[in-house]
2 protein chains.
Amino acid sequence: MGCEEEVVTTLRKAGQKATPQRIAVLSALRHSGRHMTASELLAEAKRQIPVLEISTVYRTLAAAKELRLVGEARMGTGEVEYEWLGQNRHHHLICRQCGQVERIEDTYLASLAIALFENYGFRADLDHFAIFGICRNCQKGGRG
Amino acid sequence: MGCEEEVVTTLRKAGQKATPQRIAVLSALRHSGRHMTASELLAEAKRQIPVLEISTVYRTLAAAKELRLVGEARMGTGEVEYEWLGQNRHHHLICRQCGQVERIEDTYLASLAIALFENYGFRADLDHFAIFGICRNCQKGGRG
DNA sequence: AGAGAAATTGCATATAATAGCACTTGATGA
DNA sequence: TCATCAAGTGCTATTATATGCAATTTCTCT
Ligand SMILES: [Zn+2]
Ligand SMILES: [Zn+2]
Ligand SMILES: [Zn+2]
Ligand SMILES: [Zn+2]
């Protein structure tokens with residue numbers, strides 16, 4: 001299934017409207033396969049919808065986040081980064097010193113979710129975490 | 001040790017200057033023992049330093065966060081909430097449906113930190129997390 | 001106590017993100 | 001196909017946070 005079709009069916013299934021604006025923004029994000037900021041998405045989606053407004057981009061992303069289609073993370077740059085999640089879940093380790101970003105799979109956070117459910121009955125949505133700290137290299141005194 | 005003295009010695013030990021502005025902001029936060037927003041802290045600290053500016057409050061909090069004296073968390077309200085950490089570490093579970101906030105001790109996140117260190121050599125700073133999800137009550141169909 | 005360097009502040013301004021509101025559009029079903 | 005109506009959009013205004021810079025203040029050293 002292509003980006004557009006998946007976006008359209010998912011929105012409709014959730015009782016939301018599949019507008020050209022949303023389709024343009026979300027399929028741009030899904031298609032890129034990487035983190036993108038709201039303004040990057042605006043620039044990209046404007047190629048299809050020239051009148052598109054940044055507020056529509058934000059509202060689209062907020063709605064898609066509710067549906068857990070996209071994840072967001074503050075990676076330490078000024079702007080929030082968004083990413084298409086679909087079924088997959090992953091997280092990031094960010095070094096406070098050298099800025100290096102490492103991607104980690106969901107395993108570690110998944111076991112946290114299990115522990116929280118067993119102890120608090122809380123069903124945690126650990127979709128896309130940014131975890132700050134010091135990387136292996138910088139601990140050794142390296143500059144990363 | 002009172003709020004002010006602890007703030008002063010910690011700042012000096014870290015090579016930072018203990019200005020009246022910082023002392024007022026940080027000891028207000030420490031003294032309150034709860035989450036406070038930047039504007040609440042401005043209002044409180046202005047009682048001592050009437051000329052205090054909101055930008056100074058933000059810069060003070062950013063510096064203290066670097067020193068890991070204070071934690072910040074986005075709890076789903078519009079504003080970032082700050083809290084004095086000192087030596088203690090805790091986290092919060094926030095229900096996306098009813099808004100209930102539960103406080104959890106550091107245990108769960110501490111074992112995540114251990115796993116990340118063993119597997120990636122990454123020393124994670126899991127100071128003060130806000131974890132969103134659905135609480136026990138709301139899962140049962142309750143309104144929380 | 002006083003000089004000097006460096007950090008910090010106030011002020012003005014910029015940027016990121018959100019919200020209100022009137023108008024438009026997509027989905028639904030006759 | 002068309003009427004209906006809630007959801008979504010553009011536009012504007014607002015809020016929260018960050019930054020540049022000149023003036024001030026703290027700390028250190030003498
Ligand atoms: Zn990611
Ligand atoms: Zn590093
Ligand atoms: Zn807290
Ligand atoms: Zn709940």
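Reminder, nothing fancy here: chain letters follow the sequence lines and each chain counts from 1. Side chains are part of it too, since the values below use all heavy atoms of this structure and drop only hydrogens, waters and symmetry mates.
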Side-chain atoms of A18(B) come closest, of dC27(D), dA16(C), dG10(C), to dC27(D)
Spacing between K65(A) atom NZ and dA17(C) atom P, to the nearest angstrom: 11 Å
Hey, is the side chain of S39(A) poking within less than 4.0 Å of OP1 or OP2 on dA16(C), counting only N and O atoms? no
Nearest heavy-atom contact between A18(A) and V8(A) is CB-CG1, 4.0 Å
Among dG26(C), dG10(C), dT12(D), which nucleotide sits nearest the side chain of P20(A)? dG26(C)
Tell me the closest heavy-atom pair linking L29(A) and S32(A), and the distance in Å. O-OG, 3.1 Å
Tell whether R59(B) reaches the base of dG10(C) with its side chain through a donor-acceptor pair below 3.5 angstrom. yes
For DNA chain D, whose closest nucleotide is more 5', that of V51(A) or that of E79(B)? V51(A)
If I take atom CD in residue E53(A) and atom C1' in nucleotide dA22(C), what distance separates them, rounded to the nearest angstrom? 15 Å
How many Å lie between CZ on R22(B) and P on dT25(D), as a whole number? 15 Å
Could you state the atom-to-atom distance from CD of E40(A) to P of dT15(C) in whole Å? 17 Å
Q21(A) side chain: which of dT9(C), dT9(D), dA16(C) is closest? dT9(D)
Less than 6.0 Å separating the ring centroids of Y108(B) and F129(B)? no
Quick note, K17(A) side chain, CB onward, closest among dA16(C), dT25(C), dT9(C) is dT25(C)
Rounded to the nearest Å, what distance is computed from the CZ atom of residue R74(B) to the P atom of nucleotide dA16(C)? 14 Å
If we count only N and O atoms by modelled type, under 3.5 Å, do the side chains of E44(A) and H31(A) hold a donor and an acceptor together? no
Think Y58(B) has a side-chain N or O under 4.0 angstrom from the OP1 or OP2 of dT17(D)? yes
Which nucleotide wins on minimum distance to the side chain of L52(B), given the candidates dG10(C), dG10(D), dT17(D)? dG10(C)
Take the protein atom CD1 of I49(B) and the nucleotide atom C1' of dT24(D), then report the distance between them rounded to whole Å. 14 Å
Can you identify which nucleotide, out of dG8(D), dT19(D), dA17(C), has its nearest atom closest to the Q16(A) side chain? dG8(D)
Whole angstrom is fine here: how far is it from CG in L26(A) over to C1' in dG8(D)? 13 Å
Which heavy atom in G86(A) sits nearest to a heavy atom in R89(A), and how many Å separate them? O-NH1, 3.3 Å
Using side chain to side chain donor-acceptor pair (under 3.5 Å) as the criterion, point out the one residue from H90(A), H91(A), H128(A) that pairs with D106(A). H91(A)
On DNA chain D, nearest-nucleotide positions of Y82(B) versus T19(B): which is more 5'? Y82(B)
Contact under 4.0 Å: T56(B) side-chain N or O vs dG10(C) OP1/OP2: yes
Round to the nearest Å and state the distance from L11(B) atom CG to dC27(D) atom C1'. 13 Å
Pick base, sugar-phosphate or nothing for S55(B), based on heavy-atom distances below 4.0 Å to the nucleic acid. base
